[in-house]
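Structure first, then comments.
Residue numbering restarts at 1 for every chain, and letters A, B, ... go by the order of the sequence lines. These numbers come from the heavy atoms of this one structure, side chains and all, not from hydrogens, waters or symmetry mates.
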Protein chains: 2
Amino acid sequence: MRDGARATGAVARRRMAVGELAIWRALIDTTAELRRILGTQLLQETGLSPADYQVMLALSEANGRRLRSSELAAAIDWERSRLSHHLGRMEGRGLIRRDDCPTDNRGAEVSLTGEGAEMFRRATAPHMRAIKKHFADALTPEQFEALDDILRTLQSHLHPEPAVAPAASTKGESS
Amino acid sequence: MRDGARATGAVARRRMAVGELAIWRALIDTTAELRRILGTQLLQETGLSPADYQVMLALSEANGRRLRSSELAAAIDWERSRLSHHLGRMEGRGLIRRDDCPTDNRGAEVSLTGEGAEMFRRATAPHMRAIKKHFADALTPEQFEALDDILRTLQSHLHPEPAVAPAASTKGESS
DNA sequence: GAGATATGATTGACACGTCAATGAGATGGA
DNA sequence: TCCATCTCATTGACGTGTCAATCATATCTC
């Protein structure tokens with residue numbers, strides 16, 4: 001009786017279990033704490049905020065080490081206005097440059113300055129070490145495997161593949 | 001050979017594996033996306049931000065439904081100045097009140113207004129449904145169990161228990 | 001090629017978070 | 001009692017994030 005939904009195709013109408021809610025809260029709290037710890041350490045040791053690092057990582061991995069503003073926004077999944085504000089601040093600090101785009105006069109091409117590239121280079125190793133220390137060192141290979149599986153499951157739940165033949169979805173999400 | 005550290009007490013000096021870094025990024029990205037989705041929905045459906053909700057949840061669960069400002073900050077793990085700013089905004093919107101504390105003239109006692117309590121009450125069910133829909137419905141009981149284990153492991157790694165007899169730690173963390 | 005529309009990017013207003021400084025009251029020792 | 005010191009809470013400055021509005025250029029259609 002406790003599970004509520006029993007028939008195979010039944011819509012799961014039961015309320016969320018208290019344990020599930022507790023795990024949700026633990027997930028949010030723990031990841032927030034990890035972000036806070038690593039973000040503070042990154043800023044203090046390297047002068048770069050996590051946002052700076054994300055922008056510079058995308059640029060340093062880009063083809064030709066430069067990206068159109070909107071490509072950069074897509075690469076790191078930011079709103080364009082957020083990126084525009086942030087690039088303005090980073091430009092003011094001399095970390096990045098914005099040049100006119102040769103193929104589209106509306107657009108801008110963003111690239112690291114020499115100083116920015118050097119700062120990013122120096123930030124990488126300490127940041128990796130911090131992730132290892134506070135996150136990776138904690139978990140066993142089995143736990144990594146389980147976490148990988150969980151995250152893939154959550155991602156495919158958030159972004160269900162558009163079925164090739166959209167006849168009968170067994171997900172029960174719609175309706 | 002692949003694991004690098006073999007001797008039982010050896011300090012793990014190997015670099016983080018690329019797979020571990022990928023899982024770290026997936027963890028950060030996925031939780032950020034979940035927070036964004038749930039936060040947007042909460043705000044649009046109820047007019048409360050996730051921060052509002054957190055404050056109001058702590059107040060509604062508190063003994064006597066009121067808390068000293070610093071107790072509230074501790075309960076939700078916020079800096080006091082952040083809380084002070086946020087309470088100022090919430091007070092302006094009529095969600096909470098600050099009264100003088102009878103036992104300590106420095107302090108303030110925070111409580112929900114009638115309107116605030118009613119807004120929180122109305123926000124609860126939709127928010128729980130959203131967490132269920134986007135998070136809880138995705139995972140199997142086995143995945144919940146694994147996630148619970150992983151989060152507990154991460155927490156105890158972040159906050160190692162001060163050993164009763166602090167003689168020889170086998171953690172290998174220090175020096 | 002002229003006008004409607006779409007797109008790339010920026011801006012302004014405002015909510016939010018952090019840090020350092022401050023004010024105001026409690027506390028404890030001479 | 002008087003003063004140093006601690007704690008509670010707030011404030012101001014500034015960096016950050018979101019939303020709606022804007023501007024300029026590109027593109028599409030006739």
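Straight-line distance from the CG atom of Leu67(A) to the C1' atom of dG8(C): 15 Å, rounded to whole Å. In this structure, the CG atom of Asp99(B) is 13 Å from the P atom of dA9(D), given to the nearest Å. Note: OH (Tyr53(A)) to P (dT16(D)) measures 17 Å, nearest angstrom. Spacing between atom CZ of Arg35(B) and atom C1' of dG17(D) amounts to 13 Å, rounded to whole angstrom units. Taking atom CD on Gln54(B) and atom C1' on dG17(C), their separation rounds to 13 Å, with Å as the unit. Rounded to a whole Å, the NE2 atom of His86(B) is 16 Å from the C1' atom of dT10(D). Atom CG of Leu48(A) and atom C1' of dG15(D) are 14 Å apart (whole Å). Rounded to a whole Å, the CD1 atom of Ile76(A) is 13 Å from the C1' atom of dG17(D).
When heavy atoms are screened at a 4.0 angstrom cut-off, Arg68(A) is found touching the sugar-phosphate backbone but no base atom. Note on Ser84(A): a base of the nucleic acid sits closer than 4.0 angstrom, heavy atoms only. Looking at heavy-atom distances under 4.0 Å, Arg98(B) makes contact with sugar-phosphate atoms alone, never a base.
Judged by distance alone, with hydrogens and angles left aside, the side-chain atoms of Asp52(B) form a donor-acceptor pair with the main-chain N or O of Ser49(B) at under 3.5 Å. The closest donor-acceptor contact from the side chain of Ser69(B) to the backbone of Ala108(B) lies at 3.5 Å or more, if one exists at all. Of the possible polar contacts, one joining the Ser60(A) side chain to the Leu57(A) backbone as a donor-acceptor pair under 3.5 Å is found.
Donor-acceptor pairing under 3.5 Å is lacking for the side chains of His86(B) and Gln54(B).
The minimum heavy-atom distance linking Glu45(B) with Pro126(B) is given by the pair OE1-CB, 3.6 Å.
Contact between the side-chain N/O atoms of Arg89(B) and the OP1/OP2 oxygens of dC16(C) is found at a separation under 4.0 Å.
We find the CZ-OG1 distance between Phe135(A) and Thr31(A) to be 10.5 Å, quoted to the nearest 0.5 Å.
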(request) Go along nucleotides 19-27 of chain D 5' to 3' and tag each nucleotide: B for a protein heavy atom under 4.0 Å from its base, S when only backbone or sugar atoms are that close, - otherwise. (result) BB---BBS-

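Remark on DNA chain C: of its neighbouring residues Arg93(B) and Ser70(A), the 5'-side contact belongs to Ser70(A), judged by nearest-heavy-atom nucleotide. Mapped onto DNA chain C by nearest heavy atom, Arg36(A) and Leu87(A) fall at different nucleotides, with Leu87(A) at the one closer to the 5' end.
No chain of hydrophobic side-chain contacts below 4.5 Å, direct or via other Ile, Leu, Val, Met, Phe, Trp or Tyr residues, connects Met56(A) to Leu43(A).
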